[in-house]
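Take a look at the structure set out below.
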Amino acid sequence: MTIKAVRGTRDLLPPETESWNQVEQAAREVFALYNFHEIRTPILEDTQLFARGVGEATDIVFKEMYTFEDRARAQSEKAQSLTLRPENTAGVVRAYIEHKLWERPGLQKLYYIGPQFRRERPQKGRYRQFYQIGAEVIGPPSAGSESPARDAEVLQMLVSLLQRAGIKDWNLQLNSVGCANCRPAYNEALRQALAGVVDRMCVDCQRRAQTNPLRVFDCKVPEDQPTIETLPRIGEFLDEPCREHFAEVLEILRATGTPYTLNDRLVRGLDYYTRTAFEFTQGSLGAQNAILGGGRYDGLSEAIGGPKAPGIGFAIGEDRFVMALSAGEAVPSSSVPHAYIAPLGAKMNAAAAQLARELRDQNVSVELGDDSFRLKKSFETAEKLGIAKVIIVGENEVASGQFAVKDLKNGEQKSMGREQLPEVLRRPARTSSSSVTEV
RNA sequence: GUGGGUGUAGCUCAACUGGCAGAGCACCGGACUGUGGCUCCGGACGUUGUGGGUUCGAUUCCCAUCACCCACCCCA
């Protein structure tokens with residue numbers, strides 16, 4: 001049996017990796033405009049971080065984590081339970097606490113790009129090793145971390161990222177899920193309301209009513225919808241501070257022309273979310289149509305043993321983002337070298353390598369051939385690689401110092417000294433209509 | 001974890017009712033020894049996902065298993 005990539009993981013090959021780099025570059029540029037800076041946290045974390053941060057009862061922690069016991073190195077050392085991170089917010093907050101980042105001036109505005117791991121059944125837009133691009137704004141309340149201005153700014157940043165990357169047909173769904181103060185009352189009201197009607201609902205809802213009542217709002221069974229419509233909404237239970245916070249977020253969004261859709265059934269699957277919760281969906285993605293999601297997590301730091309450090313953040317599903325991109329026409333023009341160097345005849349490899357190095361030092365990208373190739377093969381190879389210009393390095397050229405440069409687009413060939421090469425090669429090829437008709 | 005679908009060459013797909021596993025594209029070489037695209041000729045290409053069963057004979061029928069796809073659950 002040949003060895004294959006394990007289930008739910010995949011190789012990203014060229015030219016697709018070009019799209020990934022484009023997405024990441026667009027993200028870095030936009031983040032920089034909003035003064036976010038990169039953080040890189042370990043892929044491996046103490047299992048407790050996720051149990052306490054993400055929530056013991058969530059599906060992610062309960063049944064989807066890659067967890068294993070790291071063996072003790074010495075008698076005196078205890079074995080430790082480690083987990084491949086299923087998301088990155090907990091890790092960022094852990095680092096915030098560990099390095100006392102609240103001692104630094106202002107808010108911490110951090111972004112990350114990297115792989116995450118969840119053991120789910122693979123599906124379109126869902127992998128066991130998947131990639132997230134995310135950002136967090138976190139800090140002490142005195143630095144403004146609780147301000148609705150931060151929520152609105154993050155949402156606005158996401159809109160500019162989607163626009164810059166060329167994602168179309170997106171929709172921003174917004175809700176407020178309350179806080180530690182008002183959510184218990186709502187949970188109780190919901191539980192009571194469900195108690196009366198749950199036996200008429202689908203089996204999944206009956207289970208949700210027990211384990212995580214908020215999630216009945218996710219139900220897609222048509223027969224359940226009328227029942228769900230009668231259930232109380234979190235919006236009716238928000239306390240005054242939560243209500244004001246949400247209203248101000250909306251006001252800023254309107255003022256900045258950021259379109260949104262209120263969705264009072266939007267709930268999020270991680271325990272740490274408070275107040276603002278959001279999701280961007282995209283039309284071309286199939287059932288897994290959430291291209292990114294996030295929200296506020298005002299109690300997360302304290303849940304994992306840190307100081308009060310409210311924050312808001314999001315994670316973009318990079319796999320889905322790239323998918324949404326290639327569903328449109330925004331296919332990347334993969335980068336093709338400026339020139340192909342064709343060493344011609346025996347013992348020309350050294351001279352060709354020398355020229356290649358000179359050109360590369362001057363930022364000319366070069367694919368270097370082999371002197372065992374016949375010229376014909378060199379031309380064919382350059383043609384197949386889509387390279388526009390071929391430089392011939394033969395005995396004549398080496399002796400005279402004049403190199404033959406052929407433009408494959410229009411068939412013209414001329415001789416020139418090496419000092420002229422970089423400038424000529426970097427110039428894009430002219431494709432005159434007259435040259436197309438030769439042959 | 002549950003349900004449905006699909007697995008044949010690098011890619012896209014054929015192969016009648018169970019009877020020699022094929023084509024196009026791509027790849028390699030030649031025609032053409034310092035000049036590509038077009039054309040022609042030739043070459044290589046497979047444990048038909050894997051293992052078992054039925055059969056004189058299985059890509060085809062049956063069972064199991066694995067992978068992928070789609071959906072549920074859940075999430076990015």
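Hydrogens, waters and symmetry mates are skipped; everything else that's a heavy atom, side chains included, is used. Order of the sequence lines fixes the chain letters, A, B, ..., with proteins taken first and strands second; residue numbering starts at 1 for each chain.
Within the model, atoms CD of A:E153 and CD1 of A:I312 stand 10.5 Å from one another, a figure rounded to the nearest 0.5 Å. With rounding to the nearest 0.5 angstrom, the OG1 atom of A:T276 is 9.5 Å from the CG atom of A:N175.
Rounded to whole angstrom, the span from the CD atom of A:E380 across to the P atom of B:A26 amounts to 12 Å. A straight line from CG of A:D319 to P of B:C69 spans 12 Å, rounded to a whole angstrom. The distance between atom NZ of A:K376 and atom C1' of B:U39, rounded to the nearest whole Å, is 11 Å. Atom pair A:K414:NZ and B:G34:C1' shows a separation of 20 Å (rounding to whole Å applied). We find that CE of A:M201 is positioned 12 Å from P of B:C73, with the value rounded to whole Å. The CD atom of A:E64 sits 12 Å away from the C1' atom of B:A76 (whole-angstrom rounding). For the pair A:R126 CZ and B:C68 P, the interatomic distance rounds to 13 Å; values are reported in whole Å.
Considering only heavy atoms from C-beta on, A:Y340 stays 4.5 Å or farther from A:I391 through its side chain. In this structure the side chain of A:L162 reaches within 4.5 angstrom of the side chain of A:F280, judged on heavy atoms.
Nucleotides B:A44 and B:U59 have their P atoms positioned 23 Å apart, rounded to a whole Å. B:A58 and B:C16 have their C1' atoms separated by 16 Å, given to the nearest Å. Look at the P atom in both B:A26 and B:C11: the space between them is 15 Å, to the nearest Å. Comparing the P positions of B:G49 and B:G10 gives an interatomic distance of 13 Å, to the nearest angstrom. B:U47 and B:C40 have their P atoms separated by 31 Å, with the value rounded to a whole Å. Of the C1' atoms belonging to B:G18 and B:U54, the separation is 11 Å, rounded to the nearest Å.
Counting only heavy atoms from C-beta on, A:K377 has its side chain closest to B:G29 among B:G3, B:G29, B:C75. Among the nucleotides B:G36, B:A76, B:C72, the one closest to the side chain of A:F379 is B:G36. Among B:G3, B:G36, B:C73, the nucleotide with an atom closest to any side-chain atom of A:R121 is B:G3. Checking B:U33, B:A76, B:C72 against every side-chain atom of A:E120, the shortest atom distance belongs to B:A76. The side chain of A:A404 sits closest to B:G34 out of B:C72, B:G36, B:G34. Closest to the side chain of A:D204, out of B:G37, B:C73, B:U35, is B:C73. The listed nucleotides are B:C28, B:A31, B:A76; the one nearest the side chain of A:K384 is B:C28. The side chain of A:K63 approaches B:C73 more closely than any other nucleotide in the set B:C73, B:C69, B:C74. Counting only heavy atoms from C-beta on, A:K124 has its side chain closest to B:C70 among B:G36, B:C69, B:C70. Candidate nucleotides B:C73, B:A76, B:G34 were compared by shortest atom distance to the side chain of A:R118, and B:A76 ranks first.
Nucleotide B:U17 forms a pair with no other nucleotide shown, judged by Watson-Crick or G-U wobble geometry with both contacts under 3.5 Å.
Between the side chain of A:R207 and the base of B:C73 there is no donor-acceptor pair of N/O atoms closer than 3.5 Å.
Along RNA chain B, the nucleotide nearest to A:L344 and the one nearest to A:Q288 differ in position, and the one closer to the 5' end is contacted by A:L344. Judged by closest nucleotide on RNA chain B, A:E395 is the one of A:D218 and A:E395 placed further toward the 5' end.
Between A:F31 and A:Y111, the gap from one ring centroid to the other is short of 6.0 Å.
Between A:E412 and A:K406, no side-chain nitrogen of the basic residue sits less than 4.0 Å from a carboxylate oxygen of the acidic one, so the salt-bridge criterion is not met.
A cation-pi geometry, defined here as NZ or CZ lying under 6.0 Å from the six-membered ring centre and within 45° of its normal, holds between A:K377 and A:F373.
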